[in-house]
Engineer: 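One structure follows; several queries about it will come next.
Chain letters run A, B, ... following the sequence lines, proteins first, then strands; residues in each count from 1.
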There are 2 protein chains.
Amino acid sequence: MKEGPDIAHTAALIGDPARANMLTALMSGKALTVSELAEEAGVTIQTASSHLSKLEAGGLLRPRKQGRHKYFSLANDDVAHVLEGLMGLAAGAGHLRKRTGPKDAELREARVCYNHLAGDMGTQMFDSLMAQGHIVLEDEDLKLTASGVAFAADFEIDLGALQKARAPLCRECLDWSERRSHLAGSLGRALLTRFEELAWAKRDQKTRVVSFSHTGAKAFHRMFPKDLA
Amino acid sequence: MKEGPDIAHTAALIGDPARANMLTALMSGKALTVSELAEEAGVTIQTASSHLSKLEAGGLLRPRKQGRHKYFSLANDDVAHVLEGLMGLAAGAGHLRKRTGPKDAELREARVCYNHLAGDMGTQMFDSLMAQGHIVLEDEDLKLTASGVAFAADFEIDLGALQKARAPLCRECLDWSERRSHLAGSLGRALLTRFEELAWAKRDQKTRVVSFSHTGAKAFHRMFPKDLA
DNA sequence: CAAATGCTTCGACTAGGGTCGAAGTATGAA
DNA sequence: TTCATACTTCGACCCTAGTCGAAGCATTTG
């Protein structure tokens with residue numbers, strides 16, 4: 001009678017408030033230590049440790065040991081994708097933690113989703129890349145076109161290094177605030193990194209907010225124009 | 001400190017085994033009564049009733065009263081989308097209920113996802129529609145092209161009626177077995193319905209399996225060829 | 001009207017799991 | 001080596017939430 005994967009176990013892992021807080025914190029894309037995650041979730045370190053080993057066993061997190069620290073990050077983009085989807089459902093049901101908080105507007109404007117740009121500017125960049133023909137939807141997923149390769153080279157992104165990793169270069173990710181797609185995958189990550197290198201934008205560690213400088217925003221909009229007839 | 005929607009509450013709703021079974025059953029797209037869902041989940045009717053009101057309050061289900069029956073269905077495509085995503089995660093973590101069961105192959109071949117065609121044939125149909133230029137990814141989401149409109153008319157699908165509803169006409173939905181997109185939205189539903197009307201395919205209520213007849217499969221592959229150079 | 005069916009509410013029971021204090025292990029610094 | 005830091009394990013507590021029996025509504029049928 002029960003066919004298909006065991007959805008309940010995975011959902012229950014996300015369903016605990018402390019664990020959900022940790023996962024949400026990891027949506028920033030940064031790897032965090034046990035103590036940092038404990039702080040984030042508002043529980044003691046012992047409790048956090050127990051939660052984290054469950055999340056790891058459930059395939060949601062990827063641990064990395066470094067000296068006496070243990071860093072956790074989301075296991076892959078699929079996890080981030082599901083988390084964003086859940087945020088969309090929760091937002092739709094009106095289950096917001098704080099409604100129209102001061103950070104809310106900034107979060108909708110531009111924020112980090114796992115490791116790439118999300119929010120209004122994220123979807124705008126995605127749309128613009130599609131409209132300029134730099135990426136296309138082919139077969140199952142997004143492909144970088146020849147013009148896209150040129151674009152990346154022009155922006156000094158090392159595609160060769162990115163393609164060595166087995167992670168997909170381009171991926172769609174559904175935005176919970178915009179309800180539209182933005183660009184994930186290793187290229188999405190590389191773009192955000194590049195914005196930071198060029199000091200176009202800075203990301204706030206705690207809140208996931210990405211704040212663009214004045215000149216950075218201007219350069220961004222020149223590179224990814226809203227409408228191109 | 002806690003910004004964003006309350007993901008834990010929604011995930012916890014899905015995280016209970018009984019509720020997860022009900023939701024999985026509703027992925028068939030059919031509306032089911034309280035007693036049917038109780039049977040499906042293996043709990044008494046009282047327990048099921050309690051679960052269902054929670055799911056309803058959480059915005060995951062949409063109830064409809066009809067006489068002394070109360071029918072439940074998934075609230076919208078977003079819910080189905082998240083559920084499929086969770087199935088993908090659970091499958092990736094190796095948390096399958098039964099591994100390589102007899103139904104498994106059939107499920108991967110063709111099954112119902114909420115109300116549209118999923119599995120190998122679902123993704124194949126999606127790819128073919130894209131390749132033939134009937135649908136394109138524009139701005140945020142999928143759009144039906146002029147040739148797509150002609151195609152629908154030719155297949156005797158009443159687009160006018162579909163467009164009246166505020167539900168999106170075309171949507172992508174990620175397949176947990178294929179890990180590729182297939183067509184959701186009201187057009188996706190209409191296509192599956194049409195296959196049934198033409199007796200190309202029949203869907204099994206219990207298992208979500210969609211079985212194509214011999215001639216039905218032939219017609220399907222003629223209409224959605226795998227490769228068109 | 002009464003009987004039957006489908007569902008909801010109430011109340012009580014229980015198990016599972018989240019929580020933390022305390023003790024144990026491992027790595028790095030002095 | 002000795003101390004400090006980062007994390008894990010153990011054990012006990014407690015409380016939420018899932019469960020079902022029984023009773024209560026609502027709707028349809030006879």
Side-chain angles (χ1 to χ4, degrees), chain A residues 1-2 6-26 30-73 90 93 95, chain B residues 1-2 6-26 30-73 90 93 95:
Chain A
M1 189 178 319
K2 330 278 188 222
D6 182 10
I7 179 182
H9 179 248
T10 305
L13 282 177
I14 309 174
D16 176 76
R19 288 193 291 258
N21 282 337
M22 297 180 183
L23 290 169
T24 305
L26 289 171
K30 264 184 70 78
L32 299 175
T33 67
V34 178
S35 357
E36 288 168 329
L37 288 165
E39 165 108 5
E40 199 70 39
V43 294
T44 63
I45 300 184
Q46 308 94 292
T47 306
S49 176
S50 147
H51 283 311
L52 289 167
S53 41
K54 283 172 195 171
L55 288 172
E56 180 185 343
L60 297 180
L61 295 186
R62 191 165 58 90
R64 260 169 304 178
K65 274 195 158 173
Q66 228 167 87
R68 54 181 167 183
H69 296 275
K70 190 168 181 184
Y71 287 94
F72 283 95
S73 52
H95 283 274
Chain B
M1 188 180 318
K2 331 276 190 223
D6 181 12
I7 180 181
H9 179 248
T10 305
L13 282 176
I14 311 176
D16 176 76
R19 287 194 291 258
N21 283 336
M22 297 178 183
L23 291 169
T24 304
L26 289 171
K30 265 182 72 76
L32 299 174
T33 67
V34 177
S35 356
E36 287 168 330
L37 288 165
E39 165 107 6
E40 199 69 38
V43 294
T44 64
I45 300 184
Q46 308 95 294
T47 306
S49 176
S50 148
H51 283 311
L52 289 168
S53 42
K54 284 173 193 170
L55 288 171
E56 181 186 342
L60 297 180
L61 295 187
R62 191 165 57 91
R64 261 169 301 178
K65 273 195 160 175
Q66 230 166 87
R68 56 183 166 184
H69 295 274
K70 191 168 180 184
Y71 287 94
F72 283 95
S73 52
H95 283 274

Engineer: Distance check, rounded to the nearest 0.5 Å: B:Leu37 atom CG versus B:Leu26 atom CG?
Structural biologist: 5.0 Å
Engineer: Answer yes or no: does a side-chain N or O of B:His51 lie under 4.0 Å from OP1 or OP2 of D:dT19?
Structural biologist: yes
Engineer: Might you point out which heavy atoms bring A:Ala38 and A:Ile45 nearest each other, and give the distance in Å?
Structural biologist: CB-CA, 4.1 Å
Engineer: Please state how far atom CG in B:Leu52 lies from atom P in C:dT8, giving the value in whole angstrom units.
Structural biologist: 7 Å
Engineer: Does A:Lys70 reach the side chain of A:Thr33, with side-chain heavy atoms less than 4.5 Å apart?
Structural biologist: no
Engineer: Mapping A:Ala18 and B:Tyr71 to their closest nucleotides on DNA chain C, which lands nearer the 5' end?
Structural biologist: B:Tyr71
Engineer: Please determine whether a side-chain nitrogen or oxygen atom of B:Lys54 lies at a distance below 4.0 Å from atom OP1 or OP2 of D:dA17.
Structural biologist: no
Engineer: Can you pull out how bent the helix from C:dC1-D:dG30 to C:dA30-D:dT1 is, comparing the axes over its first five and last five pairs, to 10°?
Structural biologist: 20°
Engineer: To the nearest Å, how far apart are A:Leu13 CG and C:dG16 C1'?
Structural biologist: 15 Å
Engineer: Side chain to side chain contact (heavy atoms under 4.5 Å, CB included), that's the test. Do A:Tyr71 and A:Leu32 meet it? Break it down for me.
Structural biologist: CA-CA 5 Å; A:Tyr71 287 94; A:Leu32 299 175; 5.8 Å; no
Engineer: Working to the nearest 0.5 Å, report the span between CZ of A:Phe72 and CG of A:Leu52.
Structural biologist: 4.5 Å
Engineer: Using a cutoff of under 3.5 Å, can you pull out all pairs of nitrogen or oxygen atoms linking the protein to nucleotides 9-12 of chain D, with atom names and distances?
Structural biologist:
none

Engineer: Taking CG from A:Leu32 and P from D:dA6, how many angstroms apart are they, rounded to a whole number?
Structural biologist: 15 Å
Engineer: How long is the line joining CZ of B:Arg19 and P of D:dA17, in whole Å?
Structural biologist: 9 Å
Engineer: How many Å lie between NE2 on A:His9 and C1' on C:dG17, as a whole number?
Structural biologist: 12 Å
Engineer: Do the side-chain N or O atoms of A:His69 get closer than 4.0 angstrom to the phosphate oxygens (OP1, OP2) of D:dT5?
Structural biologist: no
Engineer: Atom CD of B:Glu36 to atom C1' of C:dT5: distance rounded to whole Å?
Structural biologist: 14 Å
Engineer: Figure out the CG/P separation between A:Asp16 and C:dG16, and round it to whole Å.
Structural biologist: 17 Å
Engineer: When rounded to the nearest 0.5 angstrom, what is the spacing between CG in A:Leu55 and CG in A:Leu60?
Structural biologist: 5.5 Å
Engineer: Quick one: which residue pairs count as a side-chain hydrogen bond (donor to acceptor under 3.5 Å, both in side chains) with a foot in residues 45-56 of chain B, not counting sequence neighbours?
Structural biologist: B:Arg19-B:His51, B:Thr44-B:Gln46, B:Thr44-B:Thr47
Engineer: Sort and list the pairs that fulfil salt bridge (Lys or Arg N to Asp or Glu O under 4.0 Å) and have at least one residue in residues 59-68 of chain B, not counting sequence neighbours.
Structural biologist: none
Engineer: What distance separates A:Ile7 CD1 from B:Thr24 OG1, expressed to the nearest 0.5 Å?
Structural biologist: 5.0 Å
Engineer: Indicate the atoms forming the closest heavy-atom contact of A:Ala41 with A:Ala18, along with that distance.
Structural biologist: CB-O, 3.5 Å
Engineer: When rounded to the nearest 0.5 angstrom, what distance separates CG in A:Leu13 from CG in A:Leu23?
Structural biologist: 8.5 Å
Engineer: Report the distance from atom CG of A:Leu55 to atom P of C:dG18, rounded to the nearest whole Å.
Structural biologist: 10 Å
Engineer: Taking the minimum atom-to-atom distance to the side chain of B:Thr44, which one of C:dT19, C:dC7, D:dG21 wins?
Structural biologist: D:dG21
Engineer: Among the candidates C:dT19, D:dC7, C:dC7, find the nucleotide nearest to the side-chain atoms of B:Lys70.
Structural biologist: C:dC7
Engineer: Is it the case that the side chain of A:Glu39 and the backbone of A:Glu36 share a donor-acceptor pair, with hydrogens and angles ignored and the cut-off at 3.5 Å?
Structural biologist: no
Engineer: For nucleotides 24-30 of chain D, tabulate all protein N/O to nucleotide N/O atom pairs closer than 3.5 Å, reporting atom names and distance.
Structural biologist:
none

